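Starting from 1, each residue takes its place in the sequence as its number. Ligands are counted one by one from 1 in listed order, and the atoms in each one are counted from 1 as well. What you are looking at is a predicted structure, and each value in this text was computed from that prediction instead of being measured.
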Amino acid sequence: MKIPYARPDVTPDDVQAVVDVLQNDWLTQGPLQERFEATVATYAGVHHAVAVSSGTAALHLLYLAMGLEPGKTIWTSPNTFVATANAAYCCGAAADFVDIDSRTYNLSPDSLSQKLKTHAKELPFLIVPVHFAGQSCAMEEISLLARRYGIAVVEDASHAIGGTYQGQPVGCCRWSDAAVLSFHAVKIITSGEGGMILTNRSDLYEKLIRLRSHGITRRPELFRQPNPGPWYYEQLELGYNYRLTDIQAALGLSQTNRIGAYVARRTEIARKYDQALADLPVIQPWRDPRGSSSWHLYVIQLATEQIKRTQREIFENLHHAGIGVNLHYIPVHLQPFYQQLGFRAGDFPEAEAYYRRAITLPLFPGLRSDELAFVIDQLRSNLLS
Ligand SMILES: *Cc1c(COP(=O)(O)O)cnc(C)c1O
C-alpha cells in the first residue's frame, strides 16, 4: 500500500472544465480568472479577490501593495511554510517571528503582546498570522493588539479555506486588511499552482490588479500622460507577471463546487483519527470552540517520554510501510537562510519543542477507510512496542 499525506481530488467535471478552456480562444487573460475570483470572493464573503500564479506570489504582491519596503519588518509564525517569511525579503524588507501557542500551534497572542512591549522601538509594519492546519488564529486578540499599536494585519489563510471563526468564513477579512489563499495541489482546493488575495479594501484591490500585470493600467482615468489613442496603456509602477492562466482558473473554479464536501470529509477523517488515537501516547490536535477547522492537516505530537522509539524511527518506519507521513513545519528561523540572518536555535522554544514531537498523518478527501485503518494500525504498533 502507498498512501501519501495529501492527494488532489480531480473529478471528470474538473477535467471537462479544463478541456473546455483548451478548446476555446483564451488560454490566459480570458473570462475564467474573473469567474474564479468572483466565486471565491462570494464564498469567503469579501468584496474583492485577486487570483495569482501561486500563494507565494499572493503574499509577495500583498506585502508590496500594503507598502512593505526596505527598512520595514513583518512578524509571523515560525510554524509556517518558508514562503510567508520569504515574501518579506522579496520586498527588500525583513521578517521576524512570534512564538506559537503550545496548544493551538498558531501564533500566540500572549507572545505577541510580550514582544510588542519589549520591541516598542522597533515595531513591525505588518503582522501575518498563519491559520495552521486550517484552524483560525485568535484573530480577535491579534487584531486588537495590532490596532492598539497601529500595525496592519494580513492573514496567511493558505490552509484554511472552508474553515470558520466566530461564525464567519476564514478569509472574510473582518479582523484583517486582507487574506491570502494557496491552491497548490496539496491544499483544500487546487488549480495545480495558484493563489488568491481576498480583501474588502478597494484601494488595495486596484493596486494588486496592477502589480499582478507589470504595474500596467488600461484605465484612462488613471493615466498620467495625455492619451494618444485606443492602443495606449501606462505602466505606473514596477509589477510582475503573476497572472493565473484560464486553464488553472477552470480547474480551481470547478473545485470550488466541492469545498464544503471536502471539508466535511476531512472533518470526518479527523474525527476517526481522534477516536482511534485517544488511548495512545500522543497529543491530538486541539479544537478551538470559536470556529471550525478546514482540516488541511492532522498533526499529532508524540508523547516521547512514553514511547520507546524516536520521532525519526517512527517517521522512517511509517515511510517503509508506504505511509507518506510528513512534518509541518521545520521552524522557519532554523533554515540556513535565516540562520545566516542571525536567528538562532532557542529563539522560539515553543515552535522548536513542537517540531521535535510533531508528525503529520495522511489526510485528504479520497483517503479510503482501509487506508485509514492501515495508517492507524501501523502507527499504533510503532507507538506501543
Ligand atoms: C502552501 C503555502 C504557502 C505558499 O503557497 P504556494 O501556492 O505553494 O506558493 C504559503 N504559506 C503557507 C502556510 C502554505 O501552506
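Nearest to atom 15 (O) of ligand 1 among the protein's heavy atoms is His159 NE2, 2.8 Å. For atom 11 (N) of ligand 1, the nearest non-hydrogen atom of the protein is Asp156 OD2, 2.7 Å. Ranking the protein heavy atoms by distance from atom 5 (O) of ligand 1 puts Ser182 OG, 3.3 Å first. Annotation: atom 1 (C) of ligand 1 to nearest protein heavy atom, Lys187 NZ, 1.5 Å.
For ligand 1, the atoms sitting less than 4.0 Å from at least one non-hydrogen atom of Ser158 are 2 (C), 3 (C), 10 (C), 11 (N), 12 (C), 13 (C), 14 (C), 15 (O), numbered in the order shown with element in parentheses. Listed by number with element, the atoms of ligand 1 under 4.0 angstrom from any heavy atom of Gly55 are 5 (O), 6 (P), 7 (O), 9 (O). If you number the atoms of ligand 1 from 1 as listed, the ones under 4.0 Å from a heavy atom of Thr84 come out as 11 (N). Within the listing of ligand 1, atoms 7 (O) sit less than 4.0 angstrom from a heavy atom of Gly194. Each of the following atoms of ligand 1 lies closer than 4.0 Å to a heavy atom of Thr80: 13 (C). With ligand atoms numbered from 1 in the order given, ligand 1 contributes 15 (O) to contacts under 4.0 Å with heavy atoms of Tyr329.
Counting only residues at least two apart or in different chains, side chain to side chain donor-acceptor pair (under 3.5 Å) contacts with residues 167-190 comprise Glu155-Ser176, Asp177-Arg201, Ser182-Lys187. Under the side chain to side chain donor-acceptor pair (under 3.5 Å) criterion, the residue pairs touching residues 41-58 are His48-Ser202, with sequence neighbours excluded.
The proximity of Val130 to ligand 1, defined as any non-hydrogen pair under 4.0 Å, is limited to the side chain. Of the heavy atoms in Thr56, both backbone and side-chain atoms come closer than 4.0 Å to ligand 1.
Annotation: Tyr233 is not in aromatic contact with Phe223 [ring centroid separation under 6.0 Å not met]. Under the 6.0 Å cut-off for aromatic ring centres, Phe97 and Phe343 qualify, their centroids lying closer than that. Residues Phe36 and Phe183 bring their aromatic ring centres within 6.0 Å. The ring of His328 has its center closer than 6.0 angstrom to the ring center of Tyr5.
Side-chain atoms of Asp14 and Gln255 include a donor-acceptor pair closer than 3.5 Å.
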Salt bridge (charged side-chain N to carboxylate O under 4.0 Å, His left out) between Glu237 and Lys207, worked out: CA-CA 10 Å; Glu237 60 206 311; Lys207 181 134 188 152; 3.1 Å; yes
